[in-house]
Amino acid sequence: MIFASLVTILLNTLLVASHSWIDCAKFNMDLKTCDGYSRGYPGRENRDINTVYTHLIQARPSSYPICEKNRQGTNPLQYSTTYPMGCVKPGETIYQTWEQNGHLNNTHPTTIRILYSDQESRGLTNYNQVAQARIAGEMVFATDSNCFDPKNPNSVCYGNWTVPAHFKRKRVYSFVWLWRFDSNPVGEEYSTCFDLYVE
Ligand SMILES: *[C@@H]1O[C@H](CO)[C@@H](O)[C@H](O)[C@H]1NC(C)=O
Ligand SMILES: *[C@@H]1O[C@H](CO)[C@@H](O)[C@H](O)[C@H]1NC(C)=O
């Protein structure tokens, strides 16, 4: 009982202190502009973005929504002219960005996986599908070598991965950016769901 309360307190503290999500799902490394966003992205100008956009998955649940409930693939895909979906080509290497939020670690960097499913037309919807999901790429969360301004705790950090070459054109594919932070050893992961149109 005491242990359970301590875990709850710890998790609540972490929820305040740690969070991250994709700010740009298709980043243009040459122009430093964003060509595509994640599902339902509220924009950094939204002062509640921490609350609105953090999706914590704790303690490796046997079942739990992989995206926040309003941003599940069963809902309409949420993009706008301000925050459009990215367009890619099969086999293209793309960059993505997020903020490190004070979690840069050069010796033991945490990692991100990009998951997708060939079976589900609107992507993964539950954490219990993670083990069977396909992995499009893996990225390091934050080190001196993948953040633009490593000394700044809010620095933007980036990674790249390659769109699977077997993807069919003129189709939307759905992905999950899954960051295994695990500051709480029982399991502490954060996700962002996003979609890409294959031209
Ligand atoms: C990096 O991660 C390791 C392992 O979790 C931890 O012991 C260390 O304190 C971290 N370093 C920094 C600078 O946070
Ligand atoms: C993608 O990231 C890896 C790991 O940081 C790096 O070695 C590689 O050069 C990057 N690829 C491109 C095309 O920039």
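What you see below is based on every heavy atom in this structure, not just the backbone, and it leaves out hydrogens, waters and symmetry mates. Every number for a ligand or one of its atoms is a count from 1 in the order of the listing.
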For this session: Before accepting this row, confirm whether a basic side-chain N of the pair D195/R71 lies closer than 4.0 Å to the acidic partner's carboxylate O.
Result: no
Problem set entry | Salt bridge present between E199 and K89 (N-O < 4.0 angstrom) | yes
N or O contacts of ligand 1 with protein under 3.5 Å, please list pair by pair.
unit_1	atom_1	unit_2	atom_2	d
ligand 1	2 (O)	N105	ND2	2.3
ligand 1	11 (N)	N105	ND2	2.9

Exercise. What atoms in ligand 2 come closer than 4.0 Å to a heavy atom of N160?
Worked result: 1 (C), 2 (O), 3 (C), 8 (C), 10 (C), 11 (N), 12 (C), 14 (O)
For this session: Take R180 and E188, measure what salt bridge (charged side-chain N to carboxylate O under 4.0 Å, His left out) needs, and give me the verdict at the end.
Result: CA-CA 6 Å; R180 184 175 276 209; E188 183 184 0; over 6 Å; no
Exercise. Is the centre of the W179 ring less than 6.0 Å from the centre of the F141 ring?
Worked result: yes
For this session: State yes or no: are the ring centers of H103 and F181 separated by less than 6.0 Å?
Result: yes
Exercise. Picking from N160, I114, T162, L196, what satisfies side chain to side chain contact (heavy atoms under 4.5 Å, CB included) with I94?
Worked result: L196
Problem set entry | Steps toward salt bridge (charged side-chain N to carboxylate O under 4.0 Å, His left out) verdict (K168, D118) | CA-CA 11 Å; K168 295 186 179 66; D118 273 339; over 6 Å; no
Exercise. Contact between Y95 and ligand 2, counting heavy atoms under 4.0 Å?
Worked result: yes
